[in-house]
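What follows is a short report on a single structure.
Chain identifiers are assigned alphabetically (A, B, ...) following the order of the sequence lines, protein sequences preceding nucleic acid strands; residue numbering begins at 1 within each chain.
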Protein chains: 2
Amino acid sequence: MPRPISDVTEAELAVLQVLWDRGTATIRQVTDIAYPQGRASDYGTVQKLLERLREKGHVSRERRDGAPHLFAATLDRDGLIGRSLQTMAEKLCDGSMTPLLTSLVRTERLSAEDRQALRRLVDELDGKGDRS
Amino acid sequence: MPRPISDVTEAELAVLQVLWDRGTATIRQVTDIAYPQGRASDYGTVQKLLERLREKGHVSRERRDGAPHLFAATLDRDGLIGRSLQTMAEKLCDGSMTPLLTSLVRTERLSAEDRQALRRLVDELDGKGDRS
DNA sequence: TTGGCTTCGAGACATTACGTCTGAGGCTCG
DNA sequence: CGAGCCTCAGACGTAATGTCTCGAAGCCAA
């Protein structure tokens, strides 16, 4: 039983990016931005993508009478990042995110400021109880 | 143009895990571990998966005469993790890994030891030049 | 040698995901 | 009324993925 999954696909992500940028948008607006070539069928494509994103719970829709539906992302960029990292941890690290963290710190060329920020973040966590 | 990608698929990952655990293995050995149900066709399945992994350059094969081919992973777990993080950064963060890092530190319930280890890692980086 | 086993290589196959496209119907506005 | 949007729903082609099968070849034991 073959079944590739990815929660948010390539084209869906392009749509999400527009919503992230603009906050809210109509299908027409998303289409104009995400498909500048302006094919006739692009509108329908975007509509389908928004529909699927809505089924997944990542996008909400506001009905307005006399005006086109207004769409907004319910999953923001950070949310998607967290979600993806979680999935990745489950697949590759038995659920633990620590290996990902280690890999990132090792790989990333962190500037001095980055390192400072990171240290501050950790200190912050130290403060907030959870001192296990 | 539809084209979902993932570099390493679900089934391929299962095969890789076996190679990571055992170091090297024959098709038969991988099959026995990854497909305990023991269908007749599983051998062929594993063979195909190994072939595809080899095309992607993630697995190497050693010919031995008189004995079945011996397979080994050329991409280890950390390598795959780094690779995946990289892909993710490109898709979601314009190539920068910093947002991933921040998200991880925020999300992960880091124990005191984890935090210590992380601090040490950062200090280590501070030492090694690259003090931009 | 024959028969049976395993391996190897290659390809066929069914199912699904994904992106795209189309048509029917409804509404508004001129 | 007609034109032009919008919405809903579904169909479609292509590709990916996992599975399955086949023919050829090698090895070993009887």
*Applying side-chain contact (heavy atoms from CB on, under 4.5 Å), run through B:V46 and B:Y35 and close with a yes or a no.*
CA-CA 9 Å; B:V46 170; B:Y35 292 76; 3.7 Å; yes
*asked:* Just N and O in the side chain of A:R39: are any of them under 4.0 Å from OP1 or OP2 of C:dT20?
replied: no
*Report the C-alpha separation of B:L13 and B:W20 in whole Å, then their side-chain angles, then the decisive distance to 0.1 Å, and conclude whether the side-chain contact (heavy atoms from CB on, under 4.5 Å) test is met.*
CA-CA 10 Å; B:L13 180 58; B:W20 289 339; 4.1 Å; yes
*Sequence neighbours excluded, which residues qualify as side chain to side chain donor-acceptor pair (under 3.5 Å) partners of B:T98?*
A:E108, B:S96
*Given B:V15, which of B:L49, B:T9, B:I33 fulfils the side-chain contact (heavy atoms from CB on, under 4.5 Å) condition?*
B:L49
*Could you check which residues of residues 18-27 of chain A get a heavy atom under 4.0 Å from DNA chain D? Sort them by number, please.*
A:I27
*Please work out which residues in residues 57-67 of chain A have a non-hydrogen atom less than 4.0 Å from an atom of DNA chain C and list them by number.*
none
*Does a sphere of radius 6.0 Å around CZ in B:R61 hold more than 12 heavy atoms from other residues, nucleotides or ligands, not counting ones at 6.0 Å or beyond?*
yes
_Spacing between A:E55 atom CD and D:dG10 atom P, to the nearest angstrom_ = 11 Å
_If I take atom CD in residue B:E10 and atom C1' in nucleotide D:dA16, what distance separates them, rounded to the nearest angstrom?_
14 Å
*Can you sort out which residues in residues 41-52 of chain A have a heavy atom within less than 4.0 Å of DNA chain D? Ascending by number, please.*
A:Y43, A:Q47, A:K48
*asked:* Determine whether a donor-acceptor pair (N or O, by modelled atom type, separation under 3.5 Å) exists between the side chain of A:R28 and the backbone of A:D32.
replied: no
_Identified side-chain contact (heavy atoms from CB on, under 4.5 Å) partner of B:L16 from the options B:L50, B:V8, B:D76_ = B:V8
*Under 4.5 Å between any side-chain heavy atoms of A:V18 and A:D21, yes or no?*
no
*Do B:Q116 and B:R119 pass the side-chain hydrogen bond (donor to acceptor under 3.5 Å, both in side chains) test, and can you show the C-alpha distance, the side-chain angles, and the key distance before you say yes or no?*
CA-CA 5 Å; B:Q116 261 318 105; B:R119 242 187 291 266; 3.2 Å; yes
*asked:* From CG of A:L53 over to C1' of C:dG19, roughly how many Å is that when rounded to an integer?
replied: 13 Å
*Let me have DNA chain D in dot-bracket notation, would you? Count Watson-Crick plus G-U wobble pairs, both distances under 3.5 Å, and use [ ] for pairs crossing earlier ones and | for inter-strand partners.*
||||||||||||||||||||||||||||||
*asked:* I'd like to know if the side chain of B:T26 and the backbone of B:Q29 have a donor-acceptor N/O pair within less than 3.5 Å.
replied: yes
*Would B:E51 and B:R54 pass as an ion pair if we require N to O under 4.0 Å?*
no
*Look at the side chain of B:T107 and the backbone N and O of B:S103, then say whether any donor-acceptor pair between them is shorter than 3.5 Å.*
yes
_When you measure from the side chain of A:R22 to the backbone of A:T24, do you find a donor-acceptor pair of N or O atoms at a distance under 3.5 Å?_
yes
*So, does B:S60 use its side chain to make a donor-acceptor pair with the main chain of B:T74 at under 3.5 Å?*
no
_I need the residues from residues 68-76 of chain B with at least one non-hydrogen atom less than 4.0 Å from DNA chain C; give them sorted by number, or say none._
B:P68, B:H69
*Side chains of B:M97 and B:Q86: closer than 4.5 Å at any heavy-atom pair?*
yes
*Whole-Å distance between D:dG4 C1' and A:R28 CZ?*
10 Å
